[in-house]
Amino acid sequence: MSGYSGRGVHGQLVAALGARIVSGELGRGDVIDLAALGRDLDVSMTALREAMKVLAAKGLVEARQKRGTYVRDREHWNLLDSDVIRWRSEAGDTAAVLRDLAEVRSVVEPAVASMAARRRDEHDLAELDAALEDMRGAVGAAAQVAADLRWHRAMLRATHNEMLARMDVFIEPALRLRDALVHESSSDDPVPSHAVVVEAVRGQDPAAAAAAMSSLLEKAAQDAAGVLGDSGDAEEKETVRE
C-alpha cells in the first residue's frame, strides 16, 4: 500500500500536512488556520480542504462548527495507516514503529504460518517458491525488500482467511521500513530462514511452521536492534522486534 506519497500536488500536500501533525509541529488540539496555511504553502483553499478530508479519514484532524479544523489527539490516529507509519518514522519515531510492528507480528505471524500449513494449496506453494527465487536473485535493497514483501503476502494469503490476507495493508509499510534498514547494513542471506518456513508449510506441519516463523522473527529482531544501535542495551533490544 503506497499511500499518498508521489501522487502529484495533492499527494505532496497531504504528506506535508500529515508530517507536520505527526511530528508535533501542529500540536494536538491546535486549531488550523486554513487561510494562513494556504498562504504559507501557496495552495488554494480547495486543495487544502481536499487534503484535510484525507487527513480526517486517517484520524489526524476533525472539523467542527464554531471550533474549526483542529488536530485530534493521538488516540484517534489510524496508526495502522501506511502514511501515518511513514510519517512517524520520518519524524524520528522509527524505533517505536518497529517495536510496535514487531510485537504485533510476533503474535500473528507464527499463527499465520501454522494456519498456512493446514490450508495451503499448490498455488500457494508455487507463490512462496517464486518469492524465494526472487530473494535469491535480488540485487540491491529495493529488490530485496520487494521479494520479502512478496513472500509475506503469499504466506498471509495461504491462510485462506480474507481478513488475515488484508493485514499486509499495515505490515507492508513497516516491513518495508525495517527491511530497508536491515538490508542496507546486513550481508546475511535471508533465503534459508524463509525456506525453512516454506518447507514446514509444504509438509503440512503446523507446529514446525510456527516455530520456524518465530525463529525468523527473532533473527530479524536481532538485526533491527543492531541497526538501531541498541546492541549495548539489553532491555531495548528485547523490545525492538520485527
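Bear in mind the structure is a predicted one, so any value in this text is a computation, not a measurement.
In this structure, Arg28 satisfies the cation-pi test against Trp77, with its NZ or CZ atom closer than 6.0 Å to the six-membered ring centre and inside 45 degrees of the ring normal. Relative to the six-membered ring of Tyr70, Arg67 meets both conditions, a distance below 6.0 Å and an angle of at most 45° to the axis.
Judged purely by atom type and a 3.5 angstrom limit, Ser23 uses its side chain to pair as donor or acceptor with the backbone of Ala19. Proximity of a side-chain donor or acceptor of His194 to a complementary backbone N or O of Pro190 within less than 3.5 Å is detected. Between the side chain of Asp73 and the backbone N or O of Glu75, no donor-acceptor pair lies under 3.5 Å.
Inter-residue side-chain proximity for Leu34 and Ile32 is flagged as met; some heavy-atom pair is nearer than 4.5 Å. Counting heavy atoms from C-beta on, the side chains of Arg88 and Leu79 come closer than 4.5 Å. Contact annotation: the side chain of Leu217 approaches that of Pro110 to within less than 4.5 Å [non-hydrogen atoms, C-beta and beyond]. Proximity of Asp189 to Arg136: side-chain heavy atoms (C-beta onward) are nowhere separated by under 4.5 Å. Annotation: side chain of Leu164 is in contact with side chain of Met115 (closest heavy-atom distance under 4.5 Å). Side-chain contact between Val201 and Met155 is present, with at least one heavy-atom pair separated by less than 4.5 Å.
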Subject >> side-chain contact (heavy atoms from CB on, under 4.5 Å) between Gln144 and Met135, worked out >> reply: CA-CA 6 Å; Gln144 292 170 334; Met135 285 185 185; over 6 Å; no

**OP:** Go through the steps to decide whether His160 and Asp124 satisfy the test side-chain contact (heavy atoms from CB on, under 4.5 Å), and finish with yes or no.
**Re:** CA-CA 10 Å; His160 293 270; Asp124 297 322; 2.6 Å; yes

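Residues forming a side-chain contact (heavy atoms from CB on, under 4.5 Å) with Glu122 (at least two apart in sequence, or on another chain): Arg120, Leu125. Residues passing the salt bridge (Lys or Arg N to Asp or Glu O under 4.0 Å) test with Asp134, sequence neighbours excluded: Arg150. Arg118 is linked by a salt bridge (Lys or Arg N to Asp or Glu O under 4.0 Å) to nothing, counting only residues two or more places apart in sequence or in another chain. Here Glu90 pairs with Arg86 under the salt bridge (Lys or Arg N to Asp or Glu O under 4.0 Å) rule; sequence neighbours left out. Every residue two or more places apart in sequence or in another chain that forms a salt bridge (Lys or Arg N to Asp or Glu O under 4.0 Å) with Asp129 is listed here: Arg202.
When hydrophobic clusters are built by joining Ile, Leu, Val, Met, Phe, Trp and Tyr residues whose side-chain heavy atoms come closer than 4.5 Å, directly or via intermediates, Met45 is not grouped with Val31. Residue Val191 is grouped with residue Val197 when hydrophobic side chains (ILVMFWY) are merged at heavy-atom distances under 4.5 angstrom, including chains of intermediate members.
The minimum heavy-atom distance between Pro206 and Ser114, with the atom names listed, is CB-OG, 3.2 Å. Nearest heavy atom pair, residue Thr94 against residue Ser89, reads OG1-OG, 2.9 Å. Taking each heavy atom of Ala208 and Asp205 in turn, the nearest pair found is N-OD1, 3.1 Å. Ala36 and Asp33 get closest at one heavy-atom pair: N-OD1, 3.1 Å. In terms of heavy-atom proximity, Gly18 sits nearest to Leu60 at CA-CD1, 4.3 Å. Across Leu37 and Met52, no two heavy atoms sit closer than the pair CD2-CE, 4.0 Å.
The CE atom of Met213 sits 6.5 Å away from the NE2 atom of His152 when rounded to the nearest 0.5 Å. In this structure, CG on Leu48 lies 8.5 Å from OG1 on Thr69, to the nearest 0.5 angstrom. Taken from CG in Asp100 to CD1 in Ile85, the straight-line distance is 9.5 Å, to the nearest 0.5 Å. For the atom pair OG of Ser82 and NZ of Lys58, the computed distance is 5.5 Å after rounding to the nearest 0.5 Å. Atom CZ of residue Arg153 and atom CZ of residue Arg166 lie 9.5 Å apart, to the nearest 0.5 angstrom. Here Leu216 contributes atom CG and Trp151 contributes atom CH2; the two are 5.5 Å apart, rounded to the nearest 0.5 Å.
Partner of Trp87 under the side chain to side chain contact (heavy atoms under 4.5 Å, CB included) criterion, chosen from Val22, Val97, Asp93, Ile21: Val22.
Listed by first then second residue, pairs satisfying salt bridge (Lys or Arg N to Asp or Glu O under 4.0 Å) with a partner in residues 34-47 read Arg20-Asp40, not counting sequence neighbours.
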